[in-house]
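Structure first, then comments.
Note: hydrogens, waters and symmetry copies are ignored here, and every other heavy atom, side chains too, is used. Chain letters run A, B, ... following the sequence lines, proteins first, then strands; residues in each count from 1.
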There are 2 protein chains.
Amino acid sequence: MRSTPRTEAFPAHTPAAAQIFTTVLSHGPLTRSDMAGRAGLSAAAVTKAVRPLIEAGYLVEEAGDEARPALGRPANSVRVDGGRALFIGVKVTGDEIIALLTDLCCRIRVARHVPLRGREPQPVLTAVADLVQELLAEADGFGVQVQGIGVAVSGDVDRAAGEVRLSPFLEWRDLPLGELVEMTTGLPVTVDNDVRALTVAEQWFGAGVGLSDFAVVTVGAGIGCGLVVHGKVVSGAHGVAGEIGHVVIDPTGPLCHCGNRGCAEAIAADPAIVAAVRDATGLPVADAAQAVELARRGDPGAREVYARAGDAIGRAIATVANLMGPERVIISGEGLAAYDLFAEQIRDAFAASAFGTAARCDLLTRPLAFDEWARGAAATAIQSFIGGPPHGTG
Amino acid sequence: MRSTPRTEAFPAHTPAAAQIFTTVLSHGPLTRSDMAGRAGLSAAAVTKAVRPLIEAGYLVEEAGDEARPALGRPANSVRVDGGRALFIGVKVTGDEIIALLTDLCCRIRVARHVPLRGREPQPVLTAVADLVQELLAEADGFGVQVQGIGVAVSGDVDRAAGEVRLSPFLEWRDLPLGELVEMTTGLPVTVDNDVRALTVAEQWFGAGVGLSDFAVVTVGAGIGCGLVVHGKVVSGAHGVAGEIGHVVIDPTGPLCHCGNRGCAEAIAADPAIVAAVRDATGLPVADAAQAVELARRGDPGAREVYARAGDAIGRAIATVANLMGPERVIISGEGLAAYDLFAEQIRDAFAASAFGTAARCDLLTRPLAFDEWARGAAATAIQSFIGGPPHGTG
DNA sequence: GGTGATTCTTTTCCGTCGTCAATGAAAGAA
DNA sequence: TTCTTTCATTGACGACGGAAAAGAATCACC
């Protein structure tokens with residue numbers, strides 16, 4: 001039997017140190033004067049912040065011999081030692097659990113997933129605990145301690161309290177998930193909404209690095225949106241934000257489960273597309289993969305459905321851009337498998353609906369690996385571990 | 001001839017002092033321990049921050065003899081001395097200029113407005129300069145120095161640079177308005193977008209006090225929206241945000257000047273309403289006042305137009321609520337004169353379209369006096385004068 | 001009218017953090 | 001070798017805010 005995992009504290013005792021560290025984490029190897037510039041600190045402050053982090057092994061000096069400016073003392077780059085700590089990210093969906101072991105740089109070391117039968121908290125918790133134990137065993141193999149667990153769940157999640165307030169997919173309500181997982185694992189647990197977790201991953205390790213205002217739009221079983229404004233992920237006063245799926249695109253459109261007609265989700269989410277393709281073609285299309293295939297083979301009905309979906313997504317994104325003026329929108333999600341089928345419509349609809357300079361916003365697609373959601377969860381765990389102030393603009 | 005105005009620096013040398021001051025400014029008279037609690041500082045820090053502000057006359061001790069808890073040393077309340085400094089707020093619209101003299105608490109002392117003939121920068125600047133001179137003369141009468149001028153303009157404004165990048169109403173482009181007004185007045189000038197200015201006024205002096213996430217929606221000649229997220233007004237990466245007017249409500253609706261169909265502005269802004277009422281009734285309705293009157297007298301066509309407008313506004317607000325989860329939405333603007341005609345539809349449409357806990361968001365109407373826009377401009381001037389970090393959550 | 005209890009406020013001391021300016025270090029250039 | 005350039009470190013310093021203790025103002029009680 002394994003002894004209870006021990007976690008250690010991250011040695012960033014000052015806000016500046018945490019800021020320096022996240023800067024290096026996001027922007028790869030940096031020289032000390034680079035850090036000073038990006039973080040808006042003096043060189044002296046950087047030296048003082050970096051030393052304990054190097055001593056603790058979280059940062060390492062790098063023999064940065066690339067493209068020196070040939071004059072003056074060469075700069076010493078510093079980078080994060082990803083192998084210094086491990087984290088576990090868990091994504092719980094309605095029918096499976098995905099769990100990852102990642103390093104401090106959020107690089108995936110091991111991935112596991114198990115199908116899920118029941119949705120009661122009890123069996124789900126047991127399955128999560130089992131997966132976590134497996135990954136902890138793997139971590140032992142690396143000889144590195146796991147410092148935290150992130151759990152991502154769709155729905156209304158209170159990260160600070162570690163509680164799932166309402167998850168329609170899982171039919172959970174007011175579940176102190178963080179506490180429960182903490183009890184079975186003995187590790188610090190961060191619970192967050194899945195889209196927000198993905199947004200954190202993009203902000204720290206992805207296409208949102210260095211941006212203070214951007215959005216992540218996910219297309220798949222549902223349509224979601226994570227927002228970063230003023231350098232921080234938006235949670236909303238009541239814990240819910242980014243509900244782009246229920247932006248009404250066409251008041252005469254199909255009925256949505258929320259009760260309205262023509263929500264983006266009722267037009268462009270996978271179930272809606274499958275249903276619409278079935279309607280249009282009369283064929284017994286069972287899932288999104290079949291719908292995509294049909295469209296790729298040129299079925300006009302199916303193609304039309306995808307065109308409409310792309311239009312809806314583009315207009316939903318334009319709505320976000322008009323309201324918040326992000327610098328970039330990152331489009332992601334399982335639904336991107338069909339991107340070739342609606343890319344044009346998304347861009348056209350966005351261009352037509354974005355108003356004024358909002359149209360300057362940069363649209364970026366990012367194919368979503370199946371384990372990306374769990375990676376988001378790991379990112380929240382890393383965030384909690386490092387603590388300190390939220391990611392700045394640098 | 002008056003001597004060149006001299007402005008003084010605000011004596012809040014530490015961020016904590018500025019925070020304390022804005023807390024008192026927004027939350028009225030406060031005892032020192034109240035401030036400490038709200039600002040998250042120690043009592044000692046409050047004492048140290050308050051003293052220089054009292055010495056400089058910006059704060060004054062108040063004989064707060066109301067409802068003492070009967071035990072212990074009575075608390076001394078402190079409040080802002082509004083009369084300590086004056087500010088000028090100017091709102092430039094397509095056909096008139098409104099200028100206000102306000103005190104430090106943004107209370108209006110004197111209001112002036114003049115019609116505007118040309119829209120060229122030159123005559124507008126002259127008119128602004130004349131109005132400002134008049135108000136400076138009034139300020140002399142109070143024996144108090146004017147410490148800054150705020151100018152609010154619709155369109156794309158870069159506050160930091162003091163430039164109007166694009167104002168469709170005024171047909172201005174890349175105009176260094178701040179610099180120009182500063183030259184003619186010798187006072188520090190803050191230039192900002194009109195809706196954002198109004199939002200600042202609500203955040204510091206209105207219904208947004210103490211909220212870290214809220215929205216201001218204005219209904220009138222256009223439909224606008226100011227957003228506060230994480231305690232700061234959202235400006236967007238490209239200077240534009242809150243373009244709620246071009247959220248598409250009904251893709252089959254009337255053509256909007258932006259080129260799309262069924263934008264909120266194309267349904268619910270004054271010109272759209274007037275046009276629709278004309279269409280519906282066949283009467284030569286000239287302006288919003290006549291349309292309102294017609295509807296109030298029970299004309300079914302006009303009533304229907306207002307009902308549709310209310311529905312559009314409610315859905316636009318729900319879109320904002322779904323995306324950013326504000327704690328409150330403040331509805332304002334000249335269009336509120338017709339509030340009785342569409343209040344019900346706004347609330348119904350909002351309730352129907354707001355998803356999940358976003359519906360908990362609190363809808364508040366705030367009748368807009370004609371000079372409220374200029375007051376927003378004054379608020380931005382006050383904000384610039386005080387400097388320091390943006391308004392916190394407290 | 002003391003004396004004590006209670007609460008608000010101020011004072012004093014102290015630790016922390018980050019900047020400034022000077023110094024040291026590592027290269028290439030002259 | 002010596003100078004120049006750039007990066008990095010050091011130590012002195014000052015600003016800021018917190019902890020704790022003292023002071024102040026009131027009421028309750030004897």
**Gap between atoms CD1 and P, on B:Ile20 and D:dG17 respectively (whole Å)** =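 Atom-to-atom, B:Ile20 to D:dG17, this comes out as 9 Å.
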**Request:** Using atom CD of A:Glu55 as one end and atom P of D:dT9 as the other, report the distance to the nearest whole Å.
**Result:**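 Interatomic distance, CD of A:Glu55 to P of D:dT9: 12 Å.
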**Request:** Answer with yes or no whether the side chains of B:Arg159 and B:Ser384 bring together a donor and an acceptor at under 3.5 Å.
**Result:** yes
**Asked** Between B:Thr22 (side chain) and B:Gln19 (backbone), is there a donor-acceptor pair under 3.5 Å?
**Response**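 It does hold such a pair.
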**Asked** For the side chain of A:Arg84 and the backbone of A:Ala56, is there at least one donor-acceptor N/O pair under 3.5 Å apart?
**Response**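 Present.
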**Message:** Taking CD in B:Glu179 as the centre, count heavy atoms belonging to other residues, nucleotides or ligands within less than 6.0 Å. Is the count above 12?
**Reply:** no
**Message:** Holding to salt bridge (Lys or Arg N to Asp or Glu O under 4.0 Å), I want the full list of residues that pass it with A:Arg107, two or more places apart in sequence or in another chain.
**Reply:** A:Asp103
**Complete:** B/S/- along nucleotides 9-20 of chain C (protein heavy atoms under 4.0 Å) is SBBB----SBBB
